[in-house]
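A quick write-up on the structure given underneath.
Counting starts at 1 for both ligands and their atoms, in listed order. What's counted below: heavy atoms across the whole structure, side chains too, no hydrogens, waters or symmetry copies. Computed from a predicted structure; not experimentally measured.
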Amino acid sequence: MKAVVHQRYGPPEVLELKEVTNPVPGPRDLIIEVHAASVNRSDWEVLTGKPLYARVGGLVRPKQQILGTDIAGRVEAVGSEVETFKPGEEVFGDIMYHGGGAFAEYVRVPDTAPLARKPPTLGFAEASTLPQAGVIALQGVSGRVESHDRVLINGAGGGAGAFALQMAKMAGADVTGVDNGYKQAFIRSIGADDVIDYTQADYTKSGTYDLILDLVCERSMFAIRKAVAPGGRYRVVGGNTRSLLSAATVGRLLAFGNRDIGVLGVRPNRDDLLALAEMVATGALRVTIDRSYPLEGVTEALERLGEGRVLGKLVIEMR
Ligand SMILES: NC(=O)c1ccc[n+]([C@@H]2O[C@H](COP(=O)([O-])OP(=O)(O)OC[C@H]3O[C@@H](n4cnc5c(N)ncnc54)[C@H](OP(=O)(O)O)[C@@H]3O)[C@@H](O)[C@H]2O)c1
């Protein structure tokens, strides 16, 4: 089968389209014929080996040589002990913690991975955008926001941010979206009441918020704390290693005034996938696919992500 392989950390040019051996299922594995796989910032991080935590499992060379974690496809074969799915069923899910490898024609996935049946109304490309970015947004925002709360999404024009912003608006919040200047019109188009260009202004000096969801933390926790309203909540999802460590440690010490400051550890699961599919089916959640590429275009897709011009999501379509 064809797969996009990286044997060393580096820029998108280190990726190679190769002919590799087709995966064979163990007793509790599924083989998925991949129809679409979306691109996440985490793919960029594992490609480049930065931040350092992206090198888990391979400090010098990547252990997992095929990137891609968000899949939508058809079950091709199952091992003898698999009871969850049958060949022919259409599924989607996040295989980040189950070996990855979605930028390929087929991928082997253990039956413990969080996969859900893809509703027929949802296309493969749309379905592939939901697993990582949608679940981050759901767990970061849903049930955490009340009508008229002030919510700030840092990184609102990216994959998780664009979903999170829409979910905060659904709950009736007043939402500020932060991202680069190129993405401001897009962020407004999906519902932001206010926008901040991070290259021009510092959101930690723009007022206080009841919820801040930070997809790309680069600020000190001391600065961030000033932007969290009393009783408010701050959750960091991604960013540099220092910021994540600082949120988990110093953040707790700064949480006085009934503020809740910490890291969002996302737990991929089937129920959230189905909830997201339902939101898309009812029109409550809009999926924005900036561009889609064939498998041969993974390098180009990751170059575009690195250039900071992706509005919402990029998708690789194999079929
Ligand atoms: N905590 C967990 O359990 C967990 C699980 C999965 C993933 N993650 C992490 O979640 C993070 C976000 O993922 P994603 O796929 O949504 O990323 P994404 O699509 O790249 O979105 C991030 C957005 O933030 C923007 N941005 C960059 N620097 C910024 C800054 N200083 N201030 C404000 N915005 C900035 C980016 O713009 P540019 O295009 O200009 O860069 C981009 O639009 C990743 O770091 C990933 O590793 C965490």
Side-chain angles (χ1 to χ4, degrees), residues 37-56 67-70 93-97 100 114 128-141 152-167 176-187 190 192 195-204 206 212-220 223-224 227 234-241 243-245 247-248 262-269 272 287-291 301-315:
S38 76
V39 181
N40 287 295
R41 176 65 51 178
S42 52
D43 296 311
W44 174 267
E45 293 164 347
V46 179
L47 170 69
T48 58
K50 294 177 196 155
L52 202 58
Y53 59 74
R55 296 186 181 222
V56 168
L67 297 172
T69 59
D70 275 3
D94 178 356
I95 57 169
M96 183 171 186
Y97 300 114
S128 78
T129 66
L130 298 174
Q132 186 184 115
V135 173
I136 290 175
L138 205 58
Q139 293 183 10
V141 171
L152 182 136
I153 310 292
N154 194 39
F163 288 136
L165 190 159
Q166 294 179 70
M167 288 177 196
T176 299
V178 186
D179 214 304
N180 69 43
Y182 174 76
K183 302 188 185 186
Q184 308 285 292
F186 166 63
I187 295 169
I190 54 171
V195 290
I196 296 174
D197 177 351
Y198 74 83
T199 65
Q200 303 296 320
D202 177 352
Y203 83 80
T204 64
S206 68
I212 299 176
L213 187 68
D214 197 349
L215 283 322
V216 54
C217 180
E218 293 180 350
R219 297 277 194 289
S220 82
I224 284 165
Y234 168 86
R235 282 292 177 272
V236 56
V237 182
N240 59 41
T241 310
S243 301
L244 284 162
L245 284 175
V263 179
L264 178 69
V266 177
R267 297 168 311 282
N269 67 85
D272 282 356
V287 172
T288 302
I289 298 178
D290 177 271
R291 282 190 191 180
L302 280 154
E303 277 166 357
R304 185 166 173 81
L305 190 77
E307 284 162 7
R309 300 186 73 79
V310 180
L311 306 176
K313 295 285 297 182
L314 295 176
V315 173

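- Ligand 1 lies within reach of G157, whose nearest heavy atom is under 4.0 Å from it.
- Geometrically, ligand 1 and R309 share no nitrogen or oxygen pair separated by less than 3.5 Å.
- A donor-acceptor contact shorter than 3.5 Å is absent between the side chain of R309 and the backbone of R304.
- Summarising the geometry of D179 relative to G157, their closest heavy-atom pair is OD2-N, 2.9 Å, with the distance given to 0.1 Å.
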Subject >> Evaluation steps, side-chain contact (heavy atoms from CB on, under 4.5 Å), between S243 and D214 >> reply: CA-CA 11 Å; S243 301; D214 197 349; over 6 Å; no
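- In this structure, the side chain of N180 engages the main chain of G308 through a donor-acceptor pair within 3.5 Å.
- Inter-residue side-chain proximity for T176 and Y203 is flagged as unmet; no heavy-atom pair is nearer than 4.5 Å.
- Close N/O approach between V237 and ligand 1 is found [any backbone or side-chain N/O within under 3.5 Å].
- Annotation: atom 40 (O) of ligand 1 to nearest protein heavy atom, N180 ND2, 2.7 Å.
- Of all protein heavy atoms, the one lying nearest to atom 15 (O) of ligand 1 is R41 N, 3.3 Å.
- Taking only nitrogen or oxygen atoms, main chain and side chain alike, Y97 does not reach within less than 3.5 Å of ligand 1.
- Of the residues V135, V287, I136, L138, the one that meets the side-chain contact (heavy atoms from CB on, under 4.5 Å) test with F163 is V287.
- Ranking protein heavy atoms by distance to atom 7 (C) of ligand 1, first place goes to Q132 OE1, 3.2 Å.
- Contact atoms of ligand 1 toward K183: 37 (O), 38 (P), 39 (O), 42 (C), 43 (O) (distance under 4.0 Å to a heavy atom of the residue).
- In this structure, I153 and I187 have side chains that are not in contact, with every pair of non-hydrogen atoms separated by 4.5 Å or more.
- Nearest to atom 1 (N) of ligand 1 by heavy-atom distance, out of D43, L264, V266, is L264.
- Among all protein heavy atoms, the one lying closest to atom 11 (C) of ligand 1 is L215 O, 3.5 Å.
- Only one option out of D70, D94, T129 pairs with N40 in a side chain to side chain donor-acceptor pair (under 3.5 Å); it is D70.
- For E218, every heavy-atom contact with ligand 1 shorter than 4.0 Å involves the side chain, none the backbone.
- At distances below 3.5 Å, at least one donor-acceptor pair connects side-chain atoms of Q166 with backbone N or O atoms of A162.
- Residue, atom and distance of the protein heavy atom nearest to atom 37 (O) of ligand 1 are D179 OD1, 3.1 Å.
- Nearest to atom 47 (O) of ligand 1 among the protein's heavy atoms is E45 OE1, 2.6 Å.
- Distances shorter than 4.0 angstrom occur between a heavy atom of N154 and an atom of ligand 1.
- Taking atom 26 (N) of ligand 1 as the reference point, the nearest protein heavy-atom neighbour is V216 CG1, 3.5 Å.
- What you find for S42 and Q132 is that their closest heavy atoms are OG-NE2, 3.1 Å.
- Between atom 28 (N) of ligand 1 and the options Y198, F186, Y53, W44, the minimum heavy-atom separation is to Y198.
- With a heavy-atom cut-off of 4.0 Å, K313 does not touch ligand 1 at all.
- Residue, atom and distance of the protein heavy atom nearest to atom 21 (O) of ligand 1 are G158 CA, 3.3 Å.
- K313 contributes a side-chain N or O that, together with a main-chain N or O of V39, makes up a donor-acceptor pair within less than 3.5 Å.
- Between the side chain of D290 and the backbone N or O of L314, no donor-acceptor pair lies under 3.5 Å.
- Where the criterion is an N or O separation shorter than 3.5 Å, residue side chain and backbone included, G265 fails it with respect to ligand 1.
- Proximity annotation for atom 16 (O) of ligand 1: of A160, G140, C217, A160 comes nearest, heavy atoms only.
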